[in-house]
Amino acid sequence: MDGPQLSASLLTLLALSFFSEVNSASFKLLNKCRYQVWPGILSGANSAPLSPTGFALKPGKSRTLSVPISWSGRIWARTLCTEYSPGNFSCVTADCGSGKIECAGGGAKPPATLAEFTLNGADGLDFYDVSLVDGYNLPMLVVPRGGTRGGCSPTGCLVDLNGKCPRALRVREGGWGSVACRSACEAFGDPQFCCSEGYATPDTCQPSAYSLFFKHACPRSYSYAYDDKTSTYTCASADYVIIFCPLPYTSLKVLGARKDGAALPLVNKTMMYF
Ligand SMILES: *[C@@H]1O[C@H](CO)[C@@H](O)[C@H](O)[C@H]1NC(C)=O
Ligand SMILES: *[C@@H]1O[C@H](CO)[C@@H](O)[C@H](O)[C@H]1NC(C)=O
């Protein structure tokens, strides 16, 4: 009885090892900002946690994390952080409320640009997006590498929107000036902007002048809750590079060489000098 069972599980193991889709992935987080950032990572409720959940990343530096199979969660970058004393660490943008460098289960306080992932989802595909639904604090680019199926298009928001943020959404911080740009939902709490209450379906929740500000500047980013069609990308068996403050021109040159079937451009050329 044991014999056949053992061979069956061995066969399963062998079969699994042929499908690289079940292999774990890696995320390379790269800081191209001229300032230090503190990436934060929140794993989904049914997902194994990533380690670490937060760390400091100096300008020009990168750190590669190994990501468990079928991981889902979000990644962002905190800015203007200070450790006043042990257990009293906080950031001006995207703070995760832990009081420490590690976020330990805390999410980003809006506004924050978010990279969202569901790995090995439907049909073995990874689903990823860069979301401005919770506002914006810095430019971010997600580039899949080595994917075997799916569009595998890079996505993100390459434009610095803090200075251009509509006045009603702007977050100013003392001597730092404009440090982030709020979503209309967060700024006004209106169900029309939040896609809540009577507006909680894709048909009833329409883009607003505010969400279009984000969408025009960053066409591939999620600009409001039902912006799925042009904002969610897929790729199988990829590793991902997540770049904070990518240089728009360099990025376009590098990415220009790649085949890319995405419907919308990564950068709105009419707003290149915006
Ligand atoms: C952290 O330190 C700052 C500066 O000393 C202080 O204003 C703040 O109240 C402290 N916060 C906590 C939670 O201890
Ligand atoms: C580019 O920006 C212009 C001006 O805001 C806008 O009318 C246009 O729809 C944008 N294009 C894309 C692809 O978002």
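The structure displayed is predicted, hence computed values, not measured ones. In what follows, every heavy atom counts, from backbone to side chain, and hydrogens, waters and symmetry copies are set aside. Numbering of ligands and ligand atoms starts at 1, following listing order.
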**Report entry** Among Cys181, Cys218, Pro111, Ser223, the one residue meeting side-chain contact (heavy atoms from CB on, under 4.5 Å) with Leu132
**Finding:** Cys218
Query - Residue Thr270 vicinity, atoms of ligand 2 by number, heavy atom under 4.0 Å - result: 1 (C), 2 (O), 3 (C)
Query - Residues in the immediate environment of ligand 1 (any heavy atom closer than 4.0 angstrom) - result: Tyr84, Asn88
**Report entry** By ring pair (Phe, Tyr, Trp, His ring centres under 6.0 Å) - contacts of Phe188 (at least two apart)
**Finding:** Phe193, Tyr210
Query - Ring centroid separation Tyr35 to Trp176 under 6.0 Å - result: no
Query raised in the report: So, Phe127 versus Phe117, ring centres under 6.0 angstrom or not?
Result: no
Query raised in the report: Under 2.5 Å between the sulfurs of Cys195 and Cys185, yes or no?
Result: no
Query raised in the report: Would you call Arg182 and Asp134 a salt bridge, using N to O less than 4.0 angstrom?
Result: no
